[in-house]
Amino acid sequence: MLRLTIDGNEIELYENEPVNLSYQFSNLQEINASSGNFSQTFRIPLTKKNQDYFGPVNEFGLIPDWDPKTKVDAELSYNTIPVMRGFVQVKAIYVQKGKYADVELVFFGETANLSRDIGDDMLTDLDLSAYDHTLNATNIEASWTGSLSSGAIRYGLPDKGQNWFANQTDNIWSSSNPLEHGDFTPYFRASKLLEEILDNAGYEMDSTFFTRQSNLYLLMNNGRRAVIGYDATSGDDIPPEQETMLVGLSTDLTGLSAHNPGAAITAWSESTPFYDTGSNFSGGSTFTAPFRAYYTFRINLYGRTNATNHAFDLWLEKTSVTPTETVWEILDNYPGLAFNDQVHNFTSDPILLNTGDAVKIYYEMASSSEVLNLDGDNTISPQSTWWQVLDITDPTSGQTVDVEANMPEMKQIDFVSGLQKMFNLVFVPDRNNPKKLYIEPFNDYMNFGTAKKDWTNKIDLSKDITIEPTTDLQARRYEWTHSNGKDLVNELVFKNADRVYGRYRVDDPQNDFASGTKQIKSPFAPHVASYIPGTQYAVHRLLVDTDQSDKRIKNPLPRLAYWNGTPAGEINYYEDDNSTVVTDTDYPAFSQYSALNATVTSEDLGYGPERPFHLIQANPLNTLYYQYWSPFVNQLYSSDARKLTAFFRLTRADIATFEFSDKIYLKDTYWRILSISYDATSEDLVKVELLKVLSEVRDCEW
């Protein structure tokens, strides 16, 4: 007999009330579906025993202790054989003749809960603090060997706004122009991130596929040029915008007459309307860098000089080093006549400053008899004099990397469903522990089942057996595509070819009854590697095509890529102390291919083959469509495909032990199960929908 337990409490059922259950293969694939395995509604009597659990739900004026909004564990079993695990939902209460009451329930299988349990949390909501580490050369190098967080994090060199290029006079990444630690960008192993998402939702996973896919990584970038970090000592974030300052002259400054070697201006005020948000300005003259980063300065000058026949100089000088160093020439040999009573506003290029570097504004007159007068009226106006720290990048070195804060803007469930759409994954709950999921591609899963279950003698020949072609399930066109990434290469393809890079399309003009388009679209953008202009370095160029100096994509879509190791290519970067330079003969590479110099047997994260933007040996055969989707599509959309619907005499043990990956043998043909529907309260016939298993389609003899 059928037994229902809710939260460990046995619930009394009507003896003859049918409880119709349905198992569907689509539930293993559609993790965003609103329902999974389920029952139709059925009623239970509100007996005294049932009322002890549900409370007085039939009393109009009373509020029972039982909460209809809360999910509680439930199980259906038949003669001790588990039938379905999940939870029940109360749909309604029926009171008959003011005396008898029924509770109407629906039973949902546990597979429906994954999307709901993950919820709408973002990747940045995960607690990934166990992977936090110091941004320095030691850890960057450790990531290349797989020893940083056991290989969960590896650093690459995507161009995220640096706009690298090389010519005969400006070689990138040379010993005289080395890489900053912040120029490197972390990638997070996709399988580990999936594991963290599921663990956070209360699930565990078992997957031989993701064990093999250990070189698949997610680019950790959400539009910032530098890596987001925090101060390990205080634990506080390092928001650069809170370290800016704007100081100015509260009154006119006259009689500045310093000749060679010049002098610092020491009358700057930080009082309102001026400010120093990070307390980095001191002595009326000095700004001290709070951390190693790129600082952009702006200065507004208004005044005059009696040096009408001569010129003078104004510059920003780093005074914390010996000898001192000019970091910005503001006015160089500037004629006095051109300066007088004119607004002069200048902005520097980004200037690299180390933690503790101090800078001051210096001036020098051509002759000791000449003076410079600067107007100051305690305002931030064009006819006044002031200077400011206009912009600070995130720290380029030394901070503790905040791993979750560097994640792209993406929902956790979208990351999971995106993987499903790429690799045609199925999510199969363990029969004894529905919180344990077996996650494999469709092809692999279908190979795990029983090779032959002979149900030939179980079919009920007295009932109609329906054999249908699958033409009604088919569309005229099918598309598998990623999302448009808006970067240089992706946008070039999209504008010229009117499609996303790596799209695969199948048209079926021979099916006169098919219509519409079915699209499988991942939320990821293609991670296309292309050469940095003037070099042989193949990197992902996360840039927009614009004439503006800032070419970053401010809110980039997430991107998956394969770790390609460290191919030959000299790079130079700072050691941990940022004073010495390391020379390496290899550089870290990521691309859409499982090997940077891809061959026919490599894997490709595009759905269809595409023209590469760097040299490879050959286009890989194993695109996402060919390797993970084509067998599934061939089984469903071939002209030989058939769907069979029939009634079978299955025992409850048959139902309890079946897998959708089993191959069901009927007379001389193999089939796989699409759905099973039956009344769990009886040993009556079971309605089964099956799809014909076709032999493998050979592409060609080679």
Side-chain angles (χ1 to χ4, degrees), residues 133-148 153-187 224-227 229 232 238 288-296 316-328 348-359 392-401 531-541 564-590:
H133 56 279
T134 303
L135 182 63
N136 58 26
T138 297
N139 283 326
I140 291 171
E141 292 166 353
S143 78
W144 301 338
T145 62
S147 56
L148 178 63
I153 294 176
R154 294 186 190 268
Y155 276 84
L157 278 171
D159 189 335
K160 53 195 176 184
Q162 294 91 334
N163 194 25
W164 287 316
F165 65 93
N167 53 44
Q168 293 181 349
T169 60
D170 182 22
N171 293 318
I172 64 169
W173 309 343
S174 63
S175 57
S176 60
N177 186 25
L179 286 160
E180 288 290 323
H181 301 150
D183 287 329
F184 295 92
T185 304
Y187 289 68
R224 305 287 280 267
R225 175 170 165 177
V227 179
I238 306 176
T288 302
F291 44 76
R292 183 178 175 89
Y294 285 91
Y295 295 76
T296 301
L316 184 69
E317 183 163 316
K318 187 192 299 184
T319 60
S320 53
V321 295
T322 304
T324 60
E325 176 188 350
T326 298
V327 293
W328 179 27
S348 72
D349 291 330
I351 298 168
L352 179 64
L353 297 178
N354 263 318
T355 306
D357 276 348
V359 293
I392 311 175
T393 66
D394 289 297
T396 64
S397 181
Q399 77 272 30
T400 300
V401 176
Y531 290 121
I532 295 173
T535 78
Q536 291 300 305
Y537 298 104
V539 303
H540 182 52
R541 303 178 68 213
N564 294 149
T566 52
E570 182 177 301
I571 59 174
N572 290 269
Y573 53 91
Y574 284 107
E575 187 51 276
D576 289 355
D577 59 10
N578 291 299
S579 60
T580 57
V581 175
V582 178
T583 299
D584 203 323
T585 57
D586 305 316
Y587 75 100
F590 285 88

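Any value given below was found using the heavy atoms of this structure, including those in side chains, with hydrogens, waters and symmetry copies removed. One-based numbering along the sequence shown. Since the structure is predicted, the reported quantities are computational estimates derived from the model, not experimental observations.
- For the pair Val581 and Pro178, the minimum side-chain heavy-atom distance is below 4.5 Å.
- When all heavy atoms of Glu575 and Ala137 are compared, the pair lying nearest together is OE1-CB, 3.5 Å.
- Side-chain N or O atoms of Asp183 include one that pairs as donor or acceptor with a backbone N or O of Glu180 at under 3.5 Å.
- Note: His181 NE2 to Ile140 CD1 = 5.5 Å, rounded to the nearest 0.5 Å.
- Separating the CZ atom in Arg224 from the OG1 atom in Thr185 is a distance of 13.0 Å, to the nearest 0.5 Å.
- Here Ser175 contributes atom OG and Ile571 contributes atom CD1; the two are 13.0 Å apart, rounded to the nearest 0.5 Å.
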For this session: Assess whether side-chain contact (heavy atoms from CB on, under 4.5 Å) is satisfied between Thr396 and Leu352, documenting all intermediate values.
Result: CA-CA 9 Å; Thr396 64; Leu352 179 64; 4.3 Å; yes
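- Between His133 and Tyr155, the ring planes lie perpendicular to each other; the angle is over 60°, past the 30° to 60° tilted range.
- Tyr573 has its side chain within reach of Glu141: a pair of non-hydrogen atoms, C-beta onward, lies under 4.5 Å apart.
- In this structure, Arg225 is positioned above the aromatic face of Tyr294, its NZ or CZ under 6.0 Å from the six-membered ring centre and within 45° of the axis.
- Without hydrogens or angle criteria, Lys160 side chain to Arg541 main chain gives no donor-acceptor distance under 3.5 Å.
- Nearest approach of Ala293 to Pro395, heavy atoms of both residues: CB-CA, 4.1 Å.
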Pair Leu157, Leu179 - check side-chain contact (heavy atoms from CB on, under 4.5 Å), show working. CA-CA 10 Å; Leu157 278 171; Leu179 286 160; 4.0 Å; yes
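- Atom OG1 of residue Thr535 and atom CD1 of residue Ile172 lie 5.0 Å apart, to the nearest 0.5 angstrom.
- Rounded to the nearest 0.5 Å, atoms OG1 (Thr324) and CD (Glu317) are 3.5 Å apart.
- Tyr537 and Trp173 have tilted rings, their planes meeting at an angle from 30° to 60° on a 0 to 90° scale.
- Side-chain N or O atoms of Asp159 include one that pairs as donor or acceptor with a backbone N or O of Trp164 at under 3.5 Å.
- Side-chain N or O atoms of Ser320 include one that pairs as donor or acceptor with a backbone N or O of Ala358 at under 3.5 Å.
- Residues Pro567 and Asn564 come closest through the heavy atom pair CD-O, 4.3 Å.
- Residue Thr145 comes nearest to Ala142 through the heavy atom pair OG1-O, 2.9 Å, listed as atom of the first residue, atom of the second, then distance.
- Nearest approach of Pro588 to Phe184, heavy atoms of both residues: CG-CE2, 4.4 Å.
- Between the side chain of Glu570 and the main chain of Ser174, no donor-acceptor pair closer than 3.5 Å is present.
- Checked options Leu316, Ile392, Asp357; the residue passing with Tyr295 is Ile392 (criterion: side-chain contact (heavy atoms from CB on, under 4.5 Å)).
- Evaluation of the side-chain hydrogen bond (donor to acceptor under 3.5 Å, both in side chains) rule for Thr138 yields Asp576 as partners, not counting sequence neighbours.
- By the 4.5 Å heavy-atom criterion applied to side chains, Val401 and Ile153 are not counted as neighbours.
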_Criterion side-chain contact (heavy atoms from CB on, under 4.5 Å) on His540 and Phe590, from CA distance to verdict_ = CA-CA 8 Å; His540 182 52; Phe590 285 88; over 6 Å; no
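- With sequence neighbours excluded, the residues forming a side-chain hydrogen bond (donor to acceptor under 3.5 Å, both in side chains) with Asn578 are Arg292, Ser397, listed by chain and number.
- If you take CG on Asn572 and OH on Tyr587, they are separated by 15.0 Å, rounding to the nearest 0.5 Å.
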Check against side-chain hydrogen bond (donor to acceptor under 3.5 Å, both in side chains), Asn139 and Thr134: CA-CA 7 Å; Asn139 283 326; Thr134 303; 4.7 Å; no
